[in-house]
Amino acid sequence: SARVEAAMAARRTFIEEVPFRAKDGREVWVSMFVSPVVEDGRVVQHFASFLDISDRVARERELREAKEALDRQVAARTKRLQQANARLEEEVERRRRTEATLRDALAQGQEDIRYRDFLIREVNHRTKNALQLAVSLLGVQARHVDDATCRGALETAMGRLRRVGEVHALLAYRGDGPDGIDFPDYLRRLCRDMEECLSPAPGRVAVEGEAEEEEEAVWGPDLVVPLGLIVGEAVTNALMHAFPEGRAGRVRVGLRANGGGTMRLLVEDDGVGMPAERRAGPLGLRLVEMFAKQVKGRAAIEAGRGGQGAAV
């Protein structure tokens with residue numbers, strides 16, 4: 001060929017890999033080596049050799065194809081990784097926005113809770129003042145009334161308002177929370193406060209509160225308030241009528257589990273007992289029955305020198 005002749009004329013060795021076709025149609029790759037033979041400064045002939053390199057070329061082709069396939073796989077995986085990374089970045093950004101929204105909502109919720117607590121304190125304060133004002137007005141009215149029956153009714157109303165105020169104070173200012181109130185603890189505090197406020201003489205009549213199954217008696221205000229008023233009416237009735245003429249004694253308030261998810265609240269004293277004619281007449285005892293129905297309970301009022309008072 002022209003390239004071989006040019007190499008010989010320039011007295012250079014020529015090496016080239018070229019394909020040939022065998023008689024059976026197979027492609028055969030050879031390495032062609034042509035070298036000039038120089039005598040007296042001129043090329044008189046040339047030496048040529050051919051080496052079969054078909055296996056090497058085939059291996060190189062396989063390696064090249066494998067590399068191309070690997071490059072394609074790497075490119076595909078790189079693309080998938082880039083897409084996954086983009087999705088991950090979008091998810092991180094979405095979660096960051098969600099966290100920011102939750103932080104804002106939490107801050108707003110805390111602000112709402114503080115405002116709610118402020119409103120509750122304000123309502124409690126105004127309720128306390130309203131109850132105190134009502135008691136004071138009834139007291140002024142009672143002092144200017146000559147009729148003993150009317151004065152007694154006003155004083156009884158004052159006592160009931162004071163008990164409502166005591167229940168409100170225990171729930172609003174000394175309770176652990178507005179939604180869950182430890183009733184046994186509340187019951188003991190209520191009895192202690194009523195003994196201090198209503199006992200005829202210090203230490204003469206004790207008012208005791210006790211409860212069992214305390215862990216199951218954490219209730220809401222809708223249940224605690226009526227039960228507190230029941231205790232207030234029953235204890236007040238006992239202190240007013242069960243210990244005449246300086247008689248000493250004890251009023252016991254107990255809370256026990258009956259089984260089947262029910263509880264029994266018992267108020268009893270060891271005083272002179274309740275005459276039969278008093279069981280249906282006084283407003284206070286009718287209020288006990290009314291409050292018992294309010295909490296879906298039943299009031300059983302018994303009288304006798306054994307000291308039984310009111311039981312719900």
Side-chain angles (χ1 to χ4, degrees), residues 1-121 175-182 213-222 261:
S1 67
R3 288 183 296 157
V4 174
E5 292 176 356
M8 296 302 99
R11 303 178 184 180
R12 290 185 290 104
T13 299
F14 178 82
I15 300 176
E16 188 177 37
E17 296 176 356
V18 294
F20 285 94
R21 186 70 60 182
K23 290 182 179 181
D24 57 3
R26 291 184 299 107
E27 184 182 61
V28 179
W29 279 84
V30 298
S31 175
M32 182 176 66
F33 175 84
V34 181
S35 177
V37 177
V38 179
E39 291 182 359
D40 298 329
R42 48 187 194 85
V43 178
V44 295
Q45 61 181 350
H46 62 269
F47 173 79
S49 66
F50 297 88
L51 177 65
D52 188 351
I53 59 172
S54 298
D55 291 341
R56 192 197 76 188
V57 170
R59 288 194 298 271
E60 290 177 349
R61 181 181 297 154
E62 291 175 357
L63 288 174
R64 185 168 57 253
E65 292 175 351
K67 181 178 180 300
E68 291 174 354
L70 181 60
D71 289 342
R72 288 193 298 271
Q73 292 177 357
V74 169
R77 290 193 178 186
T78 300
K79 183 178 180 180
R80 289 197 296 270
L81 287 174
Q82 290 173 343
Q83 293 173 345
N85 185 60
R87 290 193 299 269
L88 181 60
E89 290 178 351
E90 292 176 359
E91 179 65 18
V92 169
E93 180 62 25
R94 186 187 67 80
R95 293 194 177 190
R96 186 180 296 113
R97 291 194 300 269
T98 301
E99 290 176 359
T101 302
L102 289 175
R103 283 195 298 270
D104 293 342
L106 179 60
Q108 183 62 43
Q110 292 173 342
E111 181 64 26
D112 292 343
I113 289 174
R114 285 192 292 268
Y115 183 63
R116 185 204 67 177
D117 292 342
F118 166 76
L119 291 178
I120 290 174
R121 288 194 298 270
D176 296 330
D179 299 324
I181 299 165
D182 184 354
E213 303 293 338
E214 297 186 10
E215 68 278 2
E216 298 181 3
V218 178
W219 300 327
D222 291 344

task: Kindly indicate, with the supporting measurements, whether the criterion salt bridge (Lys or Arg N to Asp or Glu O under 4.0 Å) is fulfilled by Arg94 and Glu90.
output: CA-CA 6 Å; Arg94 186 187 67 80; Glu90 292 176 359; over 6 Å; no
- request: Please determine if Arg59 and Glu62 form a salt bridge, counting it only when a charged side-chain N lies under 4.0 Å from a carboxylate O.
  value: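 Salt bridge flag = no for Glu62 with Arg59.
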- prompt: Is the shortest distance from a Lys or Arg side-chain nitrogen in Arg56 or Glu60 to a carboxylate oxygen in the other one below 4.0 Å?
  reply: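 Judged by the 4.0 Å cut-off on N to carboxylate O distance, Arg56 and Glu60 do form a salt bridge.
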query: For Trp29, does its backbone N or O pair with a side-chain atom of Ser54 as donor and acceptor, under 3.5 Å?
result: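 Checking the backbone N and O of Trp29 against the side chain of Ser54, a donor-acceptor pair under 3.5 Å is found.
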message: side chain to side chain contact (heavy atoms under 4.5 Å, CB included) for Leu102 and Thr98? Distances and angles first, verdict last.
response: CA-CA 6 Å; Leu102 289 175; Thr98 301; 4.2 Å; yes
query: Can you list every side-chain hydrogen bond (donor to acceptor under 3.5 Å, both in side chains) pair that touches residues 70-82, not counting sequence neighbours?
result: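 Qualifying pairs, neighbours excluded: Lys67-Asp71.
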field: Modelled atom types, side-chain donor and acceptor of Asp112 and Gln108, under 3.5 Å
entry: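 Yes, a side-chain donor-acceptor pair sits under 3.5 Å.
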Which atom of Val28 lies closest to which atom of Asp52, heavy atoms considered: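 What the structure gives for the nearest pair is CG1-OD1, 3.8 Å.
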message: Looking at every heavy atom in both Pro19 and Glu27, which two are closest together, and how far apart are they?
response: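 For Pro19 versus Glu27, the nearest heavy atoms are CB-OE2, 4.1 Å.
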- request: Please report the C-alpha distance between Glu91 and Arg87 in whole Å, then the side-chain angles of each, then the deciding distance to 0.1 Å, and finally whether the salt bridge (Lys or Arg N to Asp or Glu O under 4.0 Å) criterion is met.
  value: CA-CA 6 Å; Glu91 179 65 18; Arg87 290 193 299 269; over 6 Å; no
query: Can you tell which of Glu5, Arg3, Met8 makes a side chain to side chain contact (heavy atoms under 4.5 Å, CB included) with Val34?
result: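 Going through the options one by one, the only one that passes is Met8.
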task: Tell me, with the steps shown, if Arg21 and Arg26 meet side chain to side chain contact (heavy atoms under 4.5 Å, CB included).
output: CA-CA 6 Å; Arg21 186 70 60 182; Arg26 291 184 299 107; 6.0 Å; no
task: Go through Arg114 and Glu111 one step at a time and tell me if the salt bridge (Lys or Arg N to Asp or Glu O under 4.0 Å) criterion holds.
output: CA-CA 5 Å; Arg114 285 192 292 268; Glu111 181 64 26; 2.7 Å; yes
- prompt: Does atom CD of Glu39 have more than 12 heavy-atom neighbours, drawn from other residues, nucleotides or ligands, at distances under 6.0 Å?
  reply: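 12 or below, so no.
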query: How long is the gap from CG on Leu70 to CG on Leu63, to the nearest 0.5 Å?
result: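 Here the rounded value is 11.5 Å.
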Anything under 3.5 Å between a donor and an acceptor, one on a side chain of residues 42-49, the other on a protein residue two or more places apart or in another chain? List them.
none

- request: Please assess Leu51 against Phe33 for the test side chain to side chain contact (heavy atoms under 4.5 Å, CB included), listing each intermediate value before the final yes or no.
  value: CA-CA 8 Å; Leu51 177 65; Phe33 175 84; over 6 Å; no
